[in-house]
Asker: 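The structure follows.
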Amino acid sequence: MPASMSRIAVIDFETTGMSPALGDRATEIAIVLLERGEVVDRFQSLMNAGVHIPAFITQLTGISNAMVASAPRAQSVMSEAARFVGDAPMVAHNAAFDRRYWQAELALAGLAAPQAFACTVMLSRRLYPEAPSHKLGALVQRLRLPQTGAAHRAMVDAEMAAALLTQIQHDLRVRHRVAEPDHRFLMRLQACSRAAMPRWLARQAVADALSAEAP
DNA sequence: TGCCAGGCCCTCTTTAGGGCCTT
C-alpha cells in the first residue's frame, strides 16, 4: 500500500462554544498528519473569525480576544488547512464536534469538506469498553501515552488524539491481528454502533469486525 | 423574547430519560 493511502489527518479545534449552528466559531486549529503511525507533518494556527470569545472559554483554553485579534483571518487559515489535509481521511476525538466546525468553517471560506471522519471516542468505546472514562486526557493517562503540554490547546490535543489513534491501531494489530487497521477499517469498526443495531448485535459486530481480520 | 448542540450509549429501555464527550 502506498504511503499516501495510509495517511490520516488528526484534527482538533478550539472554539467559542459548542455549536456553529448557534454562531460559535473556531479560534484555533491544529492538524497532525500521520503516515503508518508516524507524525510526518503538523499544521497549527490561531484564527480570527471576528467574534467575541467568552471569558469562560479564555479560562478553559487560554485563548484570548487579544490573541485572535492579531491572528490571520479564519477564511485564509481554513484555505491553508484544506490544502494541508488534501484528500486524507480525518480523525478527531469526538469527531462529530470537530467535523461540524471543519464543515462550517470551510463552508464560510467557500470550500468543500469531503473528508470522512473517524472518531477516537467511538473507537476507544469499542476497543476499551472497560475504561472508566473516554475523555481524551483520561485515555492518554490510562494508556500511558505521552502528554506534550497543557490540554485545551489545539496542537496539544491533536498530538494526544494522534497518540491515542496510533495506540488503537497498535492494539488492533497486536491484540486483534488486524493486518492493516487503516481508515476504512476504523470506519467499519466505529459503525458497529447501537444506533444501527441492537446492543447484543453491536457487540457481536465489534467481535466480528475484529476477528474477520485475523489470519 | 428567550432559549438554544448533537450523536452515541446505557438502563430502572424501545410509547424514555439521562450521562458522556467535544468548547
Side-chain angles (χ1 to χ4, degrees), chain A residues 9-32 44-65 67-68 71 74 77-78 90-105 107-108 113 116-143 149-165 168 186-207 209:
Chain A
V10 182
I11 188 168
D12 187 79
F13 278 108
E14 302 305 320
T15 74
T16 62
M18 300 309 289
S19 174
L22 301 181
D24 293 322
R25 296 292 304 270
T27 57
E28 188 179 44
I29 182 173
I31 303 165
V32 172
Q44 176 185 25
S45 183
L46 287 165
M47 50 202 278
N48 184 358
V51 294
H52 178 77
I53 302 174
F56 81 96
I57 292 287
T58 297
Q59 199 166 21
L60 177 70
T61 64
I63 298 171
S64 66
N65 285 293
M67 288 165 69
V68 296
V77 172
M78 291 307 298
M90 302 185 78
V91 166
H93 198 67
N94 197 19
F97 177 87
D98 293 284
R99 186 181 57 227
R100 279 200 297 274
Y101 280 95
W102 179 249
Q103 292 173 340
E105 292 292 347
L108 288 169
F117 273 73
C119 175
T120 46
V121 174
M122 292 174 68
L123 291 169
S124 71
R125 281 175 178 160
R126 309 276 182 270
L127 218 50
Y128 316 121
E130 73 288 352
S133 166
H134 294 275
K135 288 183 184 177
L136 182 56
L139 288 167
V140 163
Q141 273 202 317
R142 182 180 172 86
L143 297 168
H152 290 304
R153 283 302 296 266
M155 184 50 81
V156 173
D157 287 359
E159 295 264 17
M160 286 199 294
L164 173 59
L165 173 63
I168 286 171
L186 300 177
M187 294 296 284
R188 277 212 308 281
L189 181 59
Q190 86 171 30
C192 300
S193 83
R194 196 192 161 217
M197 61 191 87
R199 183 177 49 190
W200 66 271
L201 191 54
R203 284 182 181 153
Q204 188 60 50
V206 170

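Each chain gets a letter, A, B and so on, in the order its sequence line appears, and its residues count up from 1. Computed from a prediction, not measured in an experiment: that's the story for all the values here.
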Asker: Classify the nucleic acid contact of A:Thr27 as base, sugar-phosphate or nothing, counting any heavy atom under 4.0 Å across all strands shown.
Answerer: nothing

Asker: What integer number of Å spans the P atoms of B:dC20 and B:dC12?
Answerer: 16 Å

Asker: P atom, B:dG19 versus B:dT13: distance in rounded Å?
Answerer: 16 Å

Asker: Measure from the side-chain heavy atoms of A:Met122 and tell me the nearest of B:dC21, B:dC8, B:dT23.
Answerer: B:dC8

Asker: When the P atoms of B:dT1 and B:dG7 are compared, how many Å lie between them, rounded to an integer?
Answerer: 29 Å

Asker: Taking B:dG18 as the reference, what is the distance to B:dT14 when you measure between their C1' atoms (whole Å, please)?
Answerer: 15 Å

Asker: Please enumerate all residues that pass side chain to side chain donor-acceptor pair (under 3.5 Å) together with A:Glu105, with sequence neighbours excluded.
Answerer: A:Arg25

Asker: With the criterion being N/O to N/O and under 3.5 Å, what pairs connect the protein with nucleotides 18-20 of chain B, and how long is each?
Answerer:
none

Asker: Quick one: list whatever passes side chain to side chain donor-acceptor pair (under 3.5 Å) with A:Thr27, sequence neighbours left out.
Answerer: none

Asker: Between B:dT23, B:dG6, B:dC4, which nucleotide gets closest to the side-chain atoms of A:Phe97?
Answerer: B:dT23

Asker: Test: salt bridge (Lys or Arg N to Asp or Glu O under 4.0 Å). Region: residues 132-143 of chain A. Which pairs qualify, not counting sequence neighbours?
Answerer: A:Glu130-A:Arg142

Asker: A:Phe56 has a side chain; which of B:dC4, B:dT23, B:dT22 sits nearest to it?
Answerer: B:dT23

Asker: Is the distance from OP1 or OP2 of B:dC9 to the nearest side-chain N or O of A:Arg126 less than 4.0 Å?
Answerer: yes

Asker: Can you give each donor-acceptor pair under 3.5 Å made by side-chain atoms of residues 52-62 of chain A, sequence neighbours left out, with the distance rounded to 0.1 Å?
Answerer:
residue, atom, partner, partner atom, Å
A:Thr58, OG1, A:Ile63, O, 3.0
A:Thr61, OG1, A:Ile57, O, 2.9
A:Thr61, OG1, A:Ile63, N, 3.0

Asker: Suppose we screen for side chain to side chain donor-acceptor pair (under 3.5 Å). Which residues come up paired with A:Arg100, at least two apart in sequence or across chains?
Answerer: none

Asker: Ignoring backbone atoms, test whether A:His152 places a side-chain nitrogen or oxygen under 4.0 Å from the OP1 or OP2 oxygen of B:dT23.
Answerer: yes

